[in-house]
There are 2 protein chains.
Amino acid sequence: MIRSPDPSLFVRLFGRYLRENGLPVTPQREAIARTVFGSDDHLSVEEIVDLVRTGGISAGKATVYRTLELLVKSELVAEHDFGEGFKRYEHRLSSEPNHDHLICLNCARVVEFKNPELDSVEKSLAKAHGFYITKHRLEMYGLCLECVKSGTEIDQDGITCPIDTV
Amino acid sequence: MIRSPDPSLFVRLFGRYLRENGLPVTPQREAIARTVFGSDDHLSVEEIVDLVRTGGISAGKATVYRTLELLVKSELVAEHDFGEGFKRYEHRLSSEPNHDHLICLNCARVVEFKNPELDSVEKSLAKAHGFYITKHRLEMYGLCLECVKSGTEIDQDGITCPIDTV
DNA sequence: GTCCATGCAAACCTTTTGCACTATA
DNA sequence: TATAGTGCAAAAGGTTTGCATGGAC
């Protein structure tokens, strides 16, 4: 993965978005933007609150939620739900703006990938079902190499044989 | 889409799962199973509670949640999160056990599709990233034909031009 | 009699909202 | 100075849990 450029560039970009929409640029908003743009992880709100605090600026949880909403609206940040019961956020300014995710069910590691075949899948689906498709979400779940190596297994306790039902 | 077979077959299947795991088969569990297996929709918990009640049997919300957990564990039912803030459930006994979803952002219509290309995508990803992939989730979001025809538009209010930042 | 399910209400967790106060432009 | 942001606490909404009751074996 290519390292992202200087975060401050994107903080300015967000500032421009705010100004364009007649919204004030505040220290809290800048600090939250700096935190999200400065990390290549998929951050939870809790993590963002802590990181902002570590950066020396205090921002309440409500402000973080409200600012994340703006960041998502500006399309500079993507919101994800990996089924953990809460959302995660990542900036969209890396080398691959439209990527998907591999998620390890054991250690929660997230690996990003880009697969060009999906574009053709999307096109053929749009045609076949008369849908105008604007976005997709693809997540592959399983075990990463390390967890496989360490002998982790995924518990499978579904029905033994669905055929034998009579 | 091929019509699902008689739901009672799957209710029995669930009963077998329960017995195999030393769990009692109760009227509530049967009623909930009958409801889920008897519908080809993607049902919310609220809808399931109402449908069960309509069927003449009373089951508390907690019981519905607990039974759905068992149904998902048995792998007879799939749990979905389409980003509505709550989960939906559908039985996995239709003609296509492993399908994905097209979701209309305007009217919330859900269309199922099966795309064989995804299997090869999954295989190549597993190889490329050393992942052992057990399941995936693919959702395509956009507008269905009806909503496009009726002139519905999706509001796009992101930044105007990300390049012009200096 | 033991084990477990049920149902109600309370608890929980993330996210949203109301409101008094403060800062921005 | 007008407008909007902030932070706290409360509310909201879906889901989970504790506990007393009740049924099945």
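Any value given below was found using the heavy atoms of this structure, including those in side chains, with hydrogens, waters and symmetry copies removed. Each chain gets a letter, A, B and so on, in the order the sequences are listed, and its residues count up from 1.
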S.K.: Checking side-chain hydrogen bond (donor to acceptor under 3.5 Å, both in side chains) between B/His42 and each of B/Arg88, B/His80, B/His101, which is the one that passes?
M.R.: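 Filter result, single survivor: B/His101.
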
S.K.: Which of the following nucleotides, C/dC8, D/dG5, C/dT6, is nearest to the side chain of B/Ala62?
M.R.: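 Side chain of B/Ala62 sits closest to C/dC8.
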
S.K.: Ignoring the backbone of B/Arg66, work out which of C/dC8, C/dT15, C/dA5 is nearest its side chain.
M.R.: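 Comparing C/dC8, C/dT15, C/dA5 against the side chain of B/Arg66, the answer is C/dC8.
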
S.K.: Is the phosphate of C/dG7, meaning OP1 or OP2, less than 4.0 Å from a side-chain N or O of B/Gln28?
M.R.: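 Checking B/Gln28 against C/dG7: at least one side-chain N or O falls below 4.0 Å of OP1 or OP2.
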
S.K.: Could you state the CD-P distance from A/Glu46 to C/dC13, rounded to the nearest angstrom?
M.R.: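 Taking atom P of C/dC13 as the reference, CD of A/Glu46 is at 11 Å.
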
S.K.: Give the rounded distance in Å between these two atoms: NZ of B/Lys87 and C1' of C/dC13.
M.R.: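 It is 12 Å, rounded to the nearest whole Å.
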
S.K.: CD1 of A/Ile48 versus P of C/dT15: gap in Å, rounded?
M.R.: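 Going from CD1 in A/Ile48 over to P in C/dT15 covers 10 Å.
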
S.K.: If I take atom CZ in residue B/Arg88 and atom C1' in nucleotide D/dT15, what distance separates them, rounded to the nearest angstrom?
M.R.: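 B/Arg88 atom CZ is separated from D/dT15 atom C1' by 16 Å.
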
S.K.: C/dA23 P sits how many Å from A/Leu18 CG, rounded?
M.R.: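 In whole Å, C/dA23 P lies 19 Å from A/Leu18 CG.
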
S.K.: OP1 or OP2 of C/dT16 versus the side-chain N and O atoms of A/Tyr65: is any pair under 4.0 Å?
M.R.: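 Checking C/dT16 against A/Tyr65, no side-chain N or O comes under 4.0 Å of OP1 or OP2.
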
S.K.: Any side-chain to backbone donor/acceptor pair from A/Arg92 onto A/Leu76? Under 3.5 Å, distance only.
M.R.: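 Looks like no, no N/O pair under 3.5 Å.
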
S.K.: Step by step, work out the side-chain hydrogen bond (donor to acceptor under 3.5 Å, both in side chains) result for B/Asn115 and B/His99.
M.R.: CA-CA 8 Å; B/Asn115 194 305; B/His99 60 259; over 6 Å; no

S.K.: Choose from C/dT15, C/dG7, D/dG5 the nucleotide whose nearest atom is closest to any side-chain atom of B/Thr63.
M.R.: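 Looking only at side-chain atoms, B/Thr63 lies closest to C/dG7.
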
S.K.: Could you give the CD-to-C1' distance, from A/Glu84 to D/dT16, as a whole number of Å?
M.R.: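 That distance rounds to 18 Å.
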
S.K.: OP1 or OP2 of C/dT6 less than 4.0 angstrom from a side-chain nitrogen or oxygen of B/Arg29, does that happen here?
M.R.: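 Answer yes for this pair, as a side-chain N or O of B/Arg29 is under 4.0 Å from OP1 or OP2.
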
S.K.: Once you round it to whole Å, what is the distance between P of C/dC3 and CZ of B/Arg19?
M.R.: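 In whole Å, C/dC3 P lies 22 Å from B/Arg19 CZ.
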
S.K.: Applying a 4.0 Å non-hydrogen cut-off, can you work out what A/Phe86 is touching in the nucleic acid: base, sugar-phosphate, or nothing?
M.R.: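 Here A/Phe86 touches the backbone only, sparing every base.
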
S.K.: Which of parallel (below 30°), tilted (30 to 60°) and perpendicular (above 60°) describes A/Phe14 and A/Phe37?
M.R.: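 Ring orientation, 0 to 90° scale: perpendicular.
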
S.K.: Start at the 5' end of DNA chain D and walk down; is the nucleotide closest to A/Ser58 or to B/Val45 reached first?
M.R.: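 Its nearest nucleotide lies further toward 5', so the answer is A/Ser58.
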
S.K.: Respond yes when some side-chain nitrogen or oxygen of B/Thr26 is under 4.0 Å from OP1 or OP2 of C/dC4, and no when none is.
M.R.: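 No, no such contact exists.
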
S.K.: Ignoring hydrogens and geometry, is there a side-chain-to-backbone donor-acceptor pair from A/Ser39 to A/Val36 under 3.5 Å?
M.R.: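 No, because the side chain of A/Ser39 does not come within donor-acceptor range (under 3.5 Å) of the backbone of A/Val36.
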
S.K.: Calculate the interatomic distance between B/Tyr89 atom OH and D/dG14 atom P; express it in whole Å.
M.R.: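 Answer to the nearest Å: 13 Å.
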
S.K.: Counting side-chain heavy atoms from CB outward, which of D/dT15, D/dG18, C/dC4 is closest to B/Leu23?
M.R.: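 So the nucleotide nearest the side chain must be C/dC4.
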
